[in-house]
Amino acid sequence: MSELIDALSAPGVLAFVALVFGGLVAASLAAGFAAERWLGARRRIFAVPLREGQLFRETVGTARFVALAIPVFAGVLLVADHAPTDAARFAITFFACWASFEVYYWALHWAMHTGRGYRWHRYHHVPRVTTPMTGYSMSTVEAFGWLVGLAGPPLLLSLAMPISIEGWIAYLAYHVSGNIVGHANAEVLGAVVARRPTSWIAHPITYHALHHARVNNHYGFGSTFMDRSLGTEWGDWPELHARVLAGAPMTRLSERG
């Protein structure tokens with residue numbers, strides 16, 4: 001793929017990113033809404049209605065994020081030093097992007113819940129019960145904050161070594177699917193992710209659903225290690241996750257385990 005990018009013009013790279021990133025978002029939205037439909041009856045997280053006009057507002061926010069992300073990601077491919085992929089290059093690129101975003105996003109998310117920072121994050125928190133469309137529904141300022149965390153690591157890594165384009169795209173696929181499906185109001189992930197060793201690197205959808213319901217804590221993106229290390233984890237989430245898996249959704253946003 002490195003040779004393909006080198007052979008494309010700047011407009012060609014832009015079109016390539018639009019196709020790949022747009023396709024990832026569309027496929028993840030389809031998967032997220034399918035999960036809500038198929039699992040909603042037996043693994044619904046909150047049996048609470050959506051806010052009036054929520055889906056329209058989220059669609060606008062998601063479209064804005066995608067429109068901002070495409071030229072930024074195209075810029076990464078045009079600027080970052082890259083080389084044909086081998087196993088080591090792929091693994092280093094993927095892990096560097098994963099670890100960097102987990103740490104960066106916890107700090108960004110915490111800051112947006114502190115003092116005046118919340119004004120930039122409020123758009124994302126209008127939904128208290130989330131949908132797959134909630135994932136990228138955010139203000140322009142917050143969107144640029146996310147894009148720094150997604151574009152910065154491959155650019156910085158490319159100063160030390162040529163990155164793997166496939167490794168970065170694989171991370172984006174993980175990120176997009178995890179973020180969109182991870183906002184569905186249905187628990188896709190089973191009991192294994194509630195176990196302490198596993199949840200360090202992957203948390204269930206219920207974990208983040210509690211963040212939207214309670215507004216604070218659970219600032220991590222796809223793992224618990226930052227929340228657990230810095231004391232921003234709710235202790236009752238495993239019990240509530242088990243309850244959801246048993247077919248007993250939460251009926252109040254203020255529900256506790």
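Note that this is a predicted model, so its numbers are computed, not measured.
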Exercise. Does Glu255 pair with Arg243 as a salt bridge, N-O distance under 4.0 Å?
Worked result: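 A salt bridge is present here (some side-chain N lies under 4.0 Å from a carboxylate O).
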
Keeping [X] on the side-chain end and [Y] on the backbone end, is there a donor-acceptor pair under 3.5 Å?
X      : Y      : result
Ser100 : Cys97  : no
Ser158 : Leu155 : yes
Gln54  : Val129 : yes
His113 : Val215 : yes

Are [Y] and [X] linked, directly or through intermediate hydrophobic residues, by side-chain heavy-atom contacts shorter than 4.5 Å (ILVMFWY only)?
X      : Y      : answer
Leu157 : Leu147 : no
Met161 : Phe90  : no
Val72  : Phe101 : yes
Phe225 : Trp237 : yes
Ile201 : Tyr105 : yes

Inter-residue atom distance [X].[atom1] - [Y].[atom2], 0.5 Å rounding:
X      : Y      : atom1 : atom2 : result
Glu187 : Arg44  : CD    : CZ    : 13.0 Å
His212 : His125 : NE2   : NE2   : 5.0 Å
Met138 : Phe65  : CE    : CZ    : 5.0 Å
Tyr174 : Asn179 : OH    : CG    : 10.0 Å

Check the orientation of [X] and [Y]. Use parallel for under 30°, tilted for 30 to 60°, and perpendicular for over 60°.
X      : Y      : value
His175 : Tyr171 : tilted
Trp106 : Trp110 : parallel
His211 : Tyr219 : perpendicular
Tyr207 : His218 : parallel

Does a sphere of radius 6.0 Å around [atom1] in [X] hold more than 12 heavy atoms from other residues, nucleotides or ligands, not counting ones at 6.0 Å or beyond?
X      : atom1 : result
Trp38  : CH2   : no
Phe95  : CZ    : no
Arg116 : CZ    : no
Arg37  : CZ    : no

Exercise. Does NZ or CZ of Arg89 lie under 6.0 Å from the centre of the six-membered ring of Phe94, at an angle within 45° of the ring axis?
Worked result: no

Exercise. Does Arg256 make a cation-pi contact with Trp234 (under 6.0 Å, within 45 degrees of the axis)?
Worked result: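 Yes, cation above the ring, under 6.0 Å and within 45°.
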
For this session: Go through the structure and list residues passing salt bridge (charged side-chain N to carboxylate O under 4.0 Å, His left out) with Glu102, not counting sequence neighbours.
Result: none

Is there a side-chain contact between [X] and [Y] in this structure, where contact means two heavy atoms from C-beta onward sitting under 4.5 Å apart?
X      : Y      : answer
His203 : Asp227 : no
Val148 : Tyr104 : yes
Leu108 : Trp146 : yes
Val176 : Tyr136 : yes
Thr134 : Thr131 : yes

For this session: Could you walk me through whether Phe144 and Ser139 pass side chain to side chain contact (heavy atoms under 4.5 Å, CB included), step by step?
Result: CA-CA 9 Å; Phe144 277 115; Ser139 70; over 6 Å; no

For this session: Write down the atom of Ser137, the atom of Arg57, and the distance for their closest heavy-atom approach.
Result: OG-O, 3.9 Å

Exercise. Of all heavy-atom pairs between Ala191 and Leu245, which one has the smallest distance, and what is that distance?
Worked result: N-CD1, 3.6 Å

Exercise. Do Thr85 and Ser164 have a side chain donor and acceptor closer than 3.5 Å?
Worked result: yes

Exercise. Side-chain donor-acceptor pair under 3.5 Å between His183 and His208, yes or no?
Worked result: yes

Problem set entry | ring-ring contact (aromatic ring centres under 6.0 Å, His included) partners for His82, two or more places apart | none

For this session: Check ring-ring contact (aromatic ring centres under 6.0 Å, His included) between His241 and all other residues, then give those that pass, not counting sequence neighbours.
Result: none

